[in-house]
Amino acid sequence: MSSSSDIRVRFAPSPTGYLHVGGARTALYAYLYAKKYNGTFILRVEDTDLERSTEESMRMQMQDLKWLGLDWQEGVDSETLKNVGEFGPYRQSQRQDIYQKYADDLLERQLAYYCFLSDEEIDQQKELAKKEGRPPHINSPYRDWPLQKALDYKKESSTQPVIRFKVPKENREYILNDLVRGQVKFQSEVVGDFVLIRSNGMPVYNFCCVIDDSLMKISHVFRAEEHLSNSLRQMMIYEAFNFERPQFGHLSIILGSDRQKLSKRHGATSVNDYNEQGFLPEAMNNFLALLGWSSPKAQEILSMKELVEQFDTDRLNSASAVFDETKLKWVNATHLRALDHKTLWEKLQPYFLKHNFDLPTDLEWQSLSLGLMKTSMETLADAVELFRPLSKGTFQLSEKAKEVLSWESTRPVIEKWVSLVKKCDKLTEEAFGEIQQTIKTECQVKGKNLFMPIRVAVIGQPHGAEVKLLVPLMEKSDLLERAQTALKSCP
RNA sequence: GUUCCCUUCGUCUAGUGGCCUAGGACAACGCCCUUUCACGGCGUAGACACGGGUUCGACUCCCGUAGGGAACGCCA
């Protein structure tokens with residue numbers, strides 16, 4: 001179904017690294033809002049920082065977005081990198097001529113000017129302003145030059161100028177009605193003449209953001225809180241062009257456990273990290289959604305569909321939130337266990353492959369074993385240690401298992417176990433029960449002394465899923481081999 | 001320094017002036033289930049940053065203070 005509303009929401013990352021979980025949450029909210037109101041979700045790439053932007057980052061971020069299932073209808077195509085949609089191009093680096101046109105317009109209308117100030121001069125000015133207790137704004141001598149004069153000077157001068165916006169001298173109040181923060185007031189005097197176009201011809205964030213959001217008919221802008229103070233400059237630009245302003249929603253920041261802005265030193269912060277650690281995209285979305293938003297039904301576990309249905313801006317929280325990996329794990333575990341066994345098995349394949357596990361291809365076996373193991377899994381990666389004992393040729397005795405093997409009563413139990421297993425045709429749950437009973441009476445052991453040796457002889461660990469359910473999942477030859485290995489470690 | 005934003009259990013949050021003796025979830029702890037480990041069930045503990053107002057009444061509105069964050073870039 002194509003979009004039939006005027007709701008157009010964009011996610012506009014800058015490709016200067018991986019997709020951060022904060023960015024992912026912004027994208028999620030934008031996506032949910034678009035979906036909820038049958039609007040269009042747009043991906044625009046803000047790559048005007050030539051030094052830091054890379055195509056590789058752009059591809060990575062798009063992949064992460066795809067992994068999360070946040071598909072866009074308009075924007076840069078993740079495969080071909082081509083522009084899709086009628087408002088393109090969607091990479092800001094390809095829109096330079098557009099920005100230049102709008103800058104020229106401002107120049108002609110005396111609302112902007114060429115500024116030839118050098119870095120040193122600017123530093124001096126700012127220092128002086130600071131010393132005199134004034135706001136650190138620049139005071140450009142080129143501000144009131146007629147355009148022609150500046151153009152002539154530009155031709156003969158060796159320094160390439162920037163284009164600055166002419167912030168009116170008289171103070172004015174700008175009001176922003178923010179979707180999450182309500183009414184926010186700004187005084188125009190807090191900003192000085194800011195750069196619109198860099199000396200290399202590339203526009204600056206605040207400028208292209210306004211032009212693009214306007215030209216692309218964006219109706220709602222969800223972005224991080226750190227952009228809130230940028231809004232003043234942007235409102236000035238909107239005004240200069242007489243553009244209609246979209247609705248803004250400034251989202252709170254995600255914090256680390258020390259209440260500082262989440263960054264690399266907190267550990268995993270990229271969506272891809274979580275992917276590799278075995279988190280499910282639906283769990284990631286669920287958890288991220290709850291970090292700054294709450295379900296009107298007080299639901300904690302929500303599918304993507306439910307998220308779309310229940311999402312709205314009125315339940316967005318303006319306070320910053322700490323990223324709690326423990327809760328993420330719980331959310332992930334819950335989604336994981338809800339998966340049907342066929343799907344879960346498929347998702348586990350890469351992990352098994354990576355560790356060269358030799359596991360049965362029988363579907364019933366797979367389902368049975370998953371049923372047994374999944375209650376102990378929080379992430380997909382947890383399956384590795386859980387299934388290791390079920391894979392052939394990977395038997396290992398843990399330190400705690402060796403403790404069990406050192407017990408006096410252990411050796412006879414395992415020897416009995418070996419002889420009984422040898423005699424048994426089919427190791428069903430019932431057969432196992434009988435074997436256990438026989439050992440109990442013949443070896444005169446019970447409780448821990450009976451149970452643990454068998455467990456260790458089967459999986460090499462004193463803890464894990466129920467042995468009577470585990471044994472039927474294993475081959476007799478393998479079982480015997482394991483028991484022999486265990487016996488070698490018995491005193 | 002200036003401006004802006006934020007502040008409810010350890011964490012995520014509910015709360016839009018009386019429904020609050022402040023509810024839920026994760027984590028913690030305890031009990032039950034279980035011859036292990038998990039899962040599951042039940043339960044316990046745990047918060048309105050502080051100080052002033054406004055009001056019959058304030059977690060909720062206003063003003064301060066404190067703390068945290070952001071912006072003041074030719075980064076986004």
Side-chain angles (χ1 to χ4, degrees), chain A residues 12-16 23 46-49 51-53 92 115 117 119 122 126 129-130 133-137 160-164 176 178 180-182 184-187 189-192 194-206 208-209 223-233 250 252-253 255 257 259-261 287 290-296 298-301 314-315 317-331 333-334 337 372-378 386 400 404 436 440 446-452 454-456 459 461-467:
Chain A
S14 54
T16 54
E46 311 219 321
D47 55 352
T48 56
D49 185 347
E51 278 88 58
R52 298 201 304 145
S53 300
Q92 291 185 329
C115 178
L117 243 29
D119 288 349
I122 291 171
K126 287 194 173 168
K130 206 174 165 184
R134 287 182 287 120
H137 298 159
Q160 281 303 302
V162 298
I163 299 177
R164 285 184 189 276
L176 176 69
D178 192 86
V180 354
R181 271 148 231 282
V184 183
K185 292 175 182 169
F186 299 94
Q187 301 300 319
E189 65 189 359
V190 307
V191 299
F194 53 92
V195 172
L196 259 20
I197 308 270
R198 299 176 171 98
S199 51
N200 69 1
M202 267 296 169
V204 124
Y205 169 75
N206 283 311
C208 27
C209 188
R223 49 153 69 138
E225 184 188 352
E226 63 231 46
H227 292 295
L228 187 58
S229 32
N230 281 322
S231 300
L232 172 57
R233 290 177 183 73
H250 286 92
S252 61
I253 289 182
L255 270 25
S257 48
R259 298 214 140 261
Q260 301 291 305
K261 191 172 168 180
F287 173 74
L290 257 22
L291 223 52
W293 174 83
S294 58
S295 150
Q299 232 174 298
E300 297 281 338
I301 298 295
D314 57 348
R315 297 187 72 85
N317 198 148
S318 53
S320 44
V322 173
F323 190 93
D324 180 10
E325 211 159 299
T326 311
K327 183 155 181 182
L328 202 212
K329 280 185 182 161
W330 172 75
V331 172
T334 310
R337 287 167 200 155
L372 207 50
M373 300 302 189
K374 70 175 181 181
T375 54
S376 320
M377 287 169 60
E378 285 186 317
L386 257 13
K400 283 188 177 164
V404 173
Q436 195 170 254
K440 188 178 175 182
K446 58 179 182 180
K448 240 168 55 164
N449 290 331
L450 165 69
F451 214 62
M452 286 302 181
I454 300 177
R455 167 177 293 283
V456 166
I459 58 168
Q461 298 161 11
H463 299 301
E466 276 193 85
V467 179

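So you know, we letter chains A, B, ... as the sequences are listed, proteins then strands, and number each from 1.
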Engineer: Check the distance between B/U13's P and A/Trp330's CH2 and give it to me in whole angstrom.
Structural biologist: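 Rounded to the whole Å, the gap is 15 Å.
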Engineer: Can you tell me if the side-chain N/O atoms of A/Asn317 get under 4.0 Å from OP1 or OP2 in B/C6?
Structural biologist: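 Indeed not, no polar side-chain atom of A/Asn317 lies that close.
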Engineer: Identify the nucleotide, in any strand shown, that forms a Watson-Crick or G-U wobble pair with B/G40, with both distances under 3.5 Å; if there is none, say none.
Structural biologist: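 B/C32 - that is the nucleotide pairing with B/G40, both distances being under 3.5 Å.
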Engineer: Name the pairing partner of B/U3, where a pair is Watson-Crick or G-U wobble with both distances under 3.5 Å, or state none.
Structural biologist: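 The answer is B/A70, by the H-bond criterion.
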Engineer: Which of the following nucleotides, B/A70, B/G68, B/A25, is nearest to the side chain of A/Ile253?
Structural biologist: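 My answer, after comparing the listed nucleotides, is B/A70.
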Engineer: Whom does B/U16 pair with, Watson-Crick or G-U wobble, provided both distances fall under 3.5 Å?
Structural biologist: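 Across any shown strand, B/U16 pairs with none.
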Engineer: Below the 4.0 Å mark, does B/A14 have OP1 or OP2 next to a side-chain nitrogen or oxygen of A/Ser294?
Structural biologist: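 Checking B/A14 against A/Ser294, a side-chain N or O does come within under 4.0 Å of OP1 or OP2.
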Engineer: I need the CE-P distance between A/Met452 and B/U35, as an integer number of Å.
Structural biologist: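 It is 12 Å, rounded to the nearest whole Å.
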Engineer: Please state whether the phosphate of B/A76, meaning OP1 or OP2, lies under 4.0 angstrom from any side-chain nitrogen or oxygen of A/Arg223.
Structural biologist: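 For A/Arg223, the contact criterion (side-chain N or O under 4.0 Å from OP1 or OP2 of B/A76) is not met.
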Engineer: On the side chain of A/Ser199, is there an atom forming a donor-acceptor pair with the base of B/C74 - under 3.5 Å, no angle test?
Structural biologist: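 Present.
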Engineer: Who is the Watson-Crick or G-U wobble partner of B/A76, with both distances under 3.5 Å?
Structural biologist: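 Because no pair has both required distances under 3.5 Å, B/A76 counts as unpaired.
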Engineer: Taking a pair as Watson-Crick or G-U wobble with both distances under 3.5 Å, which nucleotide is matched to B/U21?
Structural biologist: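 With both distances under 3.5 Å required, B/U21 matches none.
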Engineer: Nearest-Å distance, NZ (A/Lys327) to P (B/G10)?
Structural biologist: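 It works out to 15 Å between those atoms.
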Engineer: For B/U65, which nucleotide is its Watson-Crick or G-U wobble mate, given both distances must be under 3.5 Å?
Structural biologist: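 B/U65 is paired, partner B/A49.
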